[in-house]
Amino acid sequence: MTNPFAEGIPVARPPHDPAPREHVAAAVVSEWPIGTFVENLVVLDDDSALVSIVSSSAIERVRLKDGSRTLFAEFPKEPTGIVRLGDRLFINVGTPGQPGWSIWVSDLQGSISEFVKVPDALFLNGNAQLTEGSLISVDSIRGEVFRVDIDTGQVTSWLQHELLTKNSPEPMMPGVNGVKVVGGHVFFTSTERALVLRCPLRGGQPGEVEVLAKAFVGDDFAVDTEGNLYITTHVYNQVQRLAPDGARTELAGPEQHVHGSTSCAFESPGNLLVTTTGGILAPLDGEVRTAKLVRLTVGKLPAKLGDA
């Protein structure tokens with residue numbers, strides 16, 4: 001059977017401003033065949049990372065010392081965002097554009113079960129720890145953020161805002177996408193609108209949404225202790241750093257193997273892991289490369305996540 005991702009998918013890209021280049025050292029940790037849609041990751045304490053593979057409806061464990069991979073879990077639909085709370089992982093599972101989304105739970109050994117259905121969702125994408133007992137998950141089509149109580153499974157609408165929504169019929173370009181909770185604020189990327197957004201937390205509820213950057217096409221991202229955001233640009237094949245003062249720097253591009261960069265997370269102090277699709281969407285020069293997990297040397301410390 002032909003892999004529909006192997007030939008690439010043309011996508012109309014929103015405008016995205018270039019940034020000064022300060023490319024960092026990069027190394028390929030692991031590599032997948034052309035047409036593998038690698039989506040999200042979480043780094044564990046045993047020198048491994050769990051990576052969601054949309055194209056095979058699975059999560060794989062990657063050993064970071066040698067890049068070897070093993071199957072961690074398989075799902076009935078496509079896994080997207082992964083977040084760890086304590087000794088449990090919460091994974092968004094569904095088919096983009098269709099109802100039937102749910103959040104699954106796993107232990108750290110790969111024993112999975114469906115945790116809660118989210119019947120209103122059409123594309124659960126990024127997710128993040130909100131508090132010790134809750135997470136938030138974004139819907140990239142509805143432009144909505146859901147709050148999930150991880151003890152009771154109760155799902156409530158937490159935030160709706162126009163800047164989180166899509167603004168065209170392009171099916172492969174999401175609205176709100178990546179999300180992180182850091183230092184009393186929630187940060188978002190709104191991909192199709194090419195915005196980086198932030199809102200303060202007020203007693204666990206969102207305050208006013210503000211724009212941090214425009215003409216910035218972002219996917220998922222990581223945050224360091226200085227407040228810098230490390231944002232994957234997916235269809236622009238970069239990792240950019242967005243400083244608290246708004247300054248942008250391109251840390252990695254095609255030369256650093258980040259074609260189709262989808263997400264990133266700190267591996268350890270100083271190192272950032274980046275997942276890539278090889279450029280399935282809007283492939284550079286019309287060519288899809290192998291999907292990769294790439295290590296970038298950024299020299300910073302990871303921020304503490306969640307509004308603890």
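This chain uses plain numbering: 1 for the first residue, then up along the sequence.
Residues in residues 160-173 take part in these salt bridge (Lys or Arg N to Asp or Glu O under 4.0 Å) pairs, two or more places apart or across chains: K166-E192.
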For this session: Given side chain to side chain contact (heavy atoms under 4.5 Å, CB included), test D139 with V145 step by step and report yes or no.
Result: CA-CA 6 Å; D139 190 315; V145 184; over 6 Å; no

For this session: Kindly determine whether L130 and L201 satisfy side chain to side chain contact (heavy atoms under 4.5 Å, CB included), including the steps that lead there.
Result: CA-CA 10 Å; L130 181 62; L201 283 167; 3.9 Å; yes

For this session: Decide yes or no on side chain to side chain contact (heavy atoms under 4.5 Å, CB included) for V51 and T275, but give the supporting numbers first.
Result: CA-CA 8 Å; V51 176; T275 54; 4.1 Å; yes

For this session: Take S57 and E78 through the test side chain to side chain donor-acceptor pair (under 3.5 Å) and record every step on the way to the result.
Result: CA-CA 4 Å; S57 298; E78 300 157 30; 5.6 Å; no

Problem set entry | side chain to side chain contact (heavy atoms under 4.5 Å, CB included) between I91 and I59, intermediate numbers included | CA-CA 10 Å; I91 304 117; I59 290 177; 3.9 Å; yes

Problem set entry | Candidate pair R241 and D224, rule salt bridge (charged side-chain N to carboxylate O under 4.0 Å, His left out), full reasoning | CA-CA 10 Å; R241 181 179 62 217; D224 71 19; over 6 Å; no

For this session: Please assess E208 against H161 for the test side chain to side chain donor-acceptor pair (under 3.5 Å), listing each intermediate value before the final yes or no.
Result: CA-CA 10 Å; E208 289 296 318; H161 196 282; 5.5 Å; no

Exercise. Taking it one step at a time, do T70 and R61 satisfy side chain to side chain donor-acceptor pair (under 3.5 Å)?
Worked result: CA-CA 5 Å; T70 54; R61 184 192 297 271; 4.8 Å; no

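Counting only distance, with no hydrogens or angles, the side chain of T131 and the backbone of S134 share a donor-acceptor pair below 3.5 Å. S30 contributes no side-chain N or O that, together with a main-chain N or O of R69, makes up a donor-acceptor pair within less than 3.5 Å. Judged by distance alone, with hydrogens and angles left aside, the side-chain atoms of D285 form no donor-acceptor pair with the main-chain N or O of E287 at under 3.5 Å. The main-chain N or O of L122 is found under 3.5 Å from a side-chain atom of W101 such that the two form a donor-acceptor pair. When atom types are taken as modelled, the side chain of R13 and the backbone of V217 share no donor-acceptor pair closer than 3.5 angstrom. Side-chain atoms of Q205 never come within 3.5 Å of backbone atoms of R202 as a donor-acceptor pair (strictly under, hydrogens ignored). Judged purely by atom type and a 3.5 angstrom limit, S52 uses its side chain to pair as donor or acceptor with the backbone of N40. S261 places a side-chain N or O within donor-acceptor distance of the main-chain N or O of H234, the cut-off being under 3.5 Å.
Side-chain N/O atoms of N92 and S137 include a donor and acceptor closer than 3.5 Å. In the model, T232 has no side-chain atom that pairs as donor or acceptor with a side-chain atom of S263 under 3.5 Å. Between the side chains of S106 and R88, no donor N or O sits under 3.5 Å from an acceptor N or O. Using modelled atom types and a 3.5 Å distance limit, the side chains of S157 and E144 yield a donor-acceptor pair. For the residue pair T249 and R21, no side-chain donor N or O sits within less than 3.5 Å of a side-chain acceptor on the partner.
By the 4.0 Å N-to-carboxylate-O rule, R63 lies close enough to D46 to be salt-bridged with it.
When all heavy atoms of A215 and R248 are compared, the closest pair comes out as O-NH1, 3.2 Å. Closest approach of T290 and T276 over heavy atoms only: O-OG1, 4.3 Å. Contact between C264 and A222 at its shortest, heavy atoms only, is SG-N, 3.6 Å. Of all non-hydrogen atoms in A213 and L242, the two that sit nearest each other are CB-CD2, 4.0 Å. The two atoms that bring K304 and V182 nearest to each other are O-CG1, 4.0 Å, heavy atoms only. Contact record, N3 with I34: ND2-O, 4.1 Å, taken as the closest heavy-atom pair.
L251 is listed as a side-chain neighbour of V298, based on a closest heavy-atom distance under 4.5 Å. Taking 4.5 Å as the limit, some side-chain heavy atom of L108 sits within range of a side-chain heavy atom of L89. Side-chain contact between V181 and I136: present, with at least one pair of heavy atoms (C-beta onward) separated by less than 4.5 Å. A 4.5 Å side-chain heavy-atom check between F115 and V148 finds at least one atom pair inside the cut-off. The closest side-chain heavy-atom distance from L273 to L64 is below 4.5 Å. Residues F5 and T277 are not in side-chain contact: their nearest non-hydrogen atoms beyond the backbone lie 4.5 Å or more apart. Proximity of D120 to R142: side-chain heavy atoms (C-beta onward) are separated by under 4.5 Å at one or more points. Side-chain contact check for W32 versus V38: some heavy-atom pair is nearer than 4.5 Å.
Both I53 and V29 are members of a single hydrophobic cluster when ILVMFWY side chains are connected at heavy-atom separations under 4.5 Å. Hydrophobic clustering, with ILVMFWY side chains joined whenever heavy atoms are under 4.5 angstrom apart, groups L159 together with L163. Note on Y236: it clusters hydrophobically with I9, by side-chain heavy-atom contacts below 4.5 Å among ILVMFWY residues. Under a hydrophobic clustering in which Ile, Leu, Val, Met, Phe, Trp and Tyr are joined whenever their side-chain heavy atoms come within less than 4.5 Å, directly or via other members, F146 and V93 fall into different clusters. Criterion: ILVMFWY side-chain heavy atoms under 4.5 Å apart, direct or through other members. Under it, V288 and L281 are part of a common hydrophobic cluster.
Distance check, rounded to the nearest 0.5 Å: CD1 of I112 to CD of E74 gives 8.5 Å. Between the CZ atom of R289 and the CD1 atom of I280 there is a distance of 12.5 Å, given to the nearest 0.5 Å. How far CG of N271 is from CG of L296: 8.5 Å, rounded to the nearest 0.5 Å. Here CZ of F72 is found 12.0 Å from CD of E60. Values are rounded to the nearest 0.5 Å. The CG atom of L164 lies 9.0 Å from the CZ atom of R193; values are rounded to the nearest 0.5 Å. The CD atom of E250 sits 4.0 Å away from atom CD of Q238, with the distance rounded to the nearest 0.5 Å.
Considering T191, N177, N125, T80 as possible partners of S140, the one that fulfils the side-chain hydrogen bond (donor to acceptor under 3.5 Å, both in side chains) test is N125.
For H257, the side chain to side chain contact (heavy atoms under 4.5 Å, CB included) partners are V28, K292, V294, not counting sequence neighbours.
Counting non-hydrogen atoms of neighbouring residues, nucleotides and ligands closer than 6.0 angstrom, the CD atom of E31 exceeds 12 such neighbours. Under a cut-off of 6.0 angstrom, the local environment of CD in E255 is crowded, with over 12 non-hydrogen atoms contributed by other residues, nucleotides or ligands.
Under the 6.0 Å distance and 45° angle rule, R84 does not count as a cation-pi partner of F90.
Between F75 and W104, the ring centre distance stays below 6.0 Å. When ring centroids are compared, Y230 and F221 stay outside the 6.0 Å threshold.
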